Amino acid sequence: MSLDILTRDEVFSAKPKWREPGGSNYLAMYSSVFGGVVTDPALMVMPLDDHVINRGDGIFEYFPVVDGHAYCLESHMTRLKRSAEIISLDLPFDIETIGKITLETVAISGAKRCGVRMFVTRGIGDFGCSPTSPKNSLLYVIVLAKTAEDGYPPRMFTKGATAITAHVPLKPGFYAQVKSTDYLLNALVALWSCRRLCGHGYPSI
């Protein structure tokens, strides 16, 4: 095997193939790593040694924007602050500044109807577990062309949805209070239900 050694221009080309899946849905991203907003999906990247990637050490919020109005922004800011306090994560900015950054990122995107995801991570450190390795927490704000509701069939909003049970344990009470980035249990439930509904058998959980 002979692996290619890629250049910066090859990775961040005008239309990189690695960014094609879902790339058109990303309108703008703020990163406190770079201190600004990018609108090219190929530039919407995070450091590999950010603890949110290798340890899931971070929190997030999601809200839709409808007709140019952010849905319950103040409530989401309150919950973001509360989640940070529970896991002893210092916010990179005060909560008012985070709100302003978020709204300005949405404004730069130009979208009047979109979804917004905000992430606060422990920050850049190493591949260990210690939360003391990163020196500063980081903020990322991503504006999506679609809202979360767009991912569900219309019939779910008119006829309702069916609930099922799964053999995946619930989150412990402490973690259930935090809007954390660790959604492994949710992913396993989705996998279990998909295999059940599609008749592909059951995963080993």
Side-chain angles (χ1 to χ4, degrees), residues 22 25-39 44-109 111-125 129-151 170-187 189-190:
N25 293 330
Y26 308 139
L27 302 178
M29 175 182 175
Y30 169 85
S31 167
S32 62
V33 176
F34 306 120
V37 176
V38 295
T39 57
M44 298 178 187
V45 296
M46 300 172 66
L48 186 62
D49 52 353
D50 188 318
H51 275 215
V52 76
I53 294 177
N54 58 75
R55 295 300 173 187
D57 193 353
I59 56 177
F60 82 100
E61 284 291 330
Y62 167 85
F63 63 87
V65 172
V66 181
D67 295 329
H69 299 280
Y71 182 77
C72 293
L73 178 63
E74 186 174 340
S75 296
H76 286 287
M77 294 295 103
T78 298
R79 185 168 62 177
L80 185 78
K81 183 178 180 181
R82 176 59 179 157
S83 292
E85 291 171 346
I86 291 174
I87 65 171
S88 299
L89 173 58
D90 293 329
L91 295 174
F93 311 103
D94 61 74
I95 204 68
E96 291 78 15
T97 299
I98 291 176
K100 291 178 181 177
I101 289 173
T102 301
L103 292 178
E104 188 167 346
T105 303
V106 174
I108 290 172
S109 78
K112 298 297 183 181
R113 183 181 187 278
C114 57
V116 181
R117 290 190 178 274
M118 310 160 52
F119 297 89
V120 177
T121 74
R122 193 71 66 177
I124 300 172
C129 285
S130 175
T132 63
S133 173
K135 302 304 179 185
N136 303 101
S137 59
L138 295 172
L139 171 68
Y140 304 93
V141 179
I142 298 89
V143 182
L144 310 170
K146 295 182 178 181
T147 66
E149 293 75 18
D150 293 331
L170 294 173
K171 283 185 178 180
F174 174 81
Y175 295 105
Q177 300 177 61
V178 182
K179 189 78 171 171
S180 76
T181 54
D182 183 1
Y183 264 45
L184 179 59
L185 291 181
N186 305 64
V189 168

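Please read all numbers here as calculations on a predicted model, not as lab measurements.
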What do the steps show when you test Val116 against Leu144 for side chain to side chain contact (heavy atoms under 4.5 Å, CB included), and what is the final call?
CA-CA 6 Å; Val116 181; Leu144 310 170; over 6 Å; no
Going through the checks in order, is the side chain to side chain contact (heavy atoms under 4.5 Å, CB included) test met by Val33 and Tyr140?
CA-CA 8 Å; Val33 176; Tyr140 304 93; 3.6 Å; yes
CA sep, side-chain torsions, deciding dist, call: Leu185, Tyr175, side chain to side chain contact (heavy atoms under 4.5 Å, CB included):
CA-CA 12 Å; Leu185 291 181; Tyr175 295 105; over 6 Å; no
For side chain to side chain contact (heavy atoms under 4.5 Å, CB included), just list the numbers for Lys179 and Ile86, CA-CA rounded to whole Å, side-chain angles, deciding distance to a tenth of an Å, and then say yes or no.
CA-CA 10 Å; Lys179 189 78 171 171; Ile86 291 174; over 6 Å; no
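When all heavy atoms of Met46 and Ile53 are compared, the closest pair comes out as CB-CD1, 4.1 Å. The two atoms that bring Arg122 and Ile87 nearest to each other are NH2-O, 3.2 Å, heavy atoms only. When all heavy atoms are compared, the tightest approach of Val65 to Ala70 is CG2-CA, 4.2 Å. Considering all non-hydrogen atoms of both residues, Lys81 and Ile95 come closest at CB-CD1, 4.1 Å. What you find for His76 and Tyr62 is that their closest heavy atoms are CE1-O, 3.0 Å. Here the shortest heavy-atom pairing between Pro131 and Pro134 reads O-CD, 3.5 Å.
Proximity of Met44 to Ser31: side-chain heavy atoms (C-beta onward) are nowhere separated by under 4.5 Å. Inter-residue side-chain proximity for Asp67 and Lys112 is flagged as unmet; no heavy-atom pair is nearer than 4.5 Å. Counting heavy atoms from C-beta on, the side chains of Thr181 and Phe119 come closer than 4.5 Å. Counting heavy atoms from C-beta on, the side chains of Met118 and Ile98 come closer than 4.5 Å. Contact annotation: the side chain of Val120 never approaches that of Leu138 to less than 4.5 Å [non-hydrogen atoms, C-beta and beyond]. Using a 4.5 Å heavy-atom threshold, the side chains of His51 and Thr121 count as separate. Put simply, the side chain of Val66 does not reach to within 4.5 Å of the side chain of Tyr71, judged on heavy atoms. Using a 4.5 Å cut-off on side-chain heavy atoms (C-beta onward), Thr147 and Arg113 make contact.
No donor-acceptor contact under 3.5 angstrom links the side chains of Asp90 and Ser137, judged on distance only.
In summary, Glu61 and Arg79 engage in a salt bridge, as defined by a charged side-chain N under 4.0 Å from a carboxylate O.
In terms of modelled atom types and a separation under 3.5 Å, the side chain of Asp50 and the main chain of Pro47 share no donor-acceptor contact. Side-chain atoms of Tyr30 do not come within 3.5 Å of backbone N or O of Val106 as any donor-acceptor pair. Side chain of Ser83 to main chain of Val178: no donor-acceptor pair is present (N/O by atom type, distance under 3.5 Å, no hydrogens or angles). Judged by distance alone, with hydrogens and angles left aside, the side-chain atoms of Thr105 form a donor-acceptor pair with the main-chain N or O of Ile101 at under 3.5 Å.
Put simply, CG on Asn25 and NZ on Lys146 are 5.0 Å apart, with the number rounded to the nearest 0.5 Å. To the nearest 0.5 Å, atom OG of residue Ser180 and atom CG of residue Leu89 are 11.5 Å apart. Atom OG1 of Thr97 sits about 10.5 Å away from atom CG of Leu91, to the nearest 0.5 Å. Separation of atoms CG (Asp57) and CG (Asp182) is listed at 10.0 Å; rounding is to 0.5 Å. In this structure, Leu73 CG and Leu103 CG are separated by 5.0 Å, a value rounded to the nearest 0.5 Å. The SG atom of Cys114 sits 12.5 Å away from atom CD1 of Ile142, with the distance rounded to the nearest 0.5 Å.
The environment of CD in Glu104 is sparse: at most 12 heavy-atom neighbours from other residues, nucleotides or ligands sit within 6.0 Å. For Phe93, the CZ atom is densely surrounded, since the number of other residues' heavy atoms within 6.0 Å is greater than 12.
Between Tyr183 and Phe60, a ring centre-to-centre spacing shorter than 6.0 Å is recorded.
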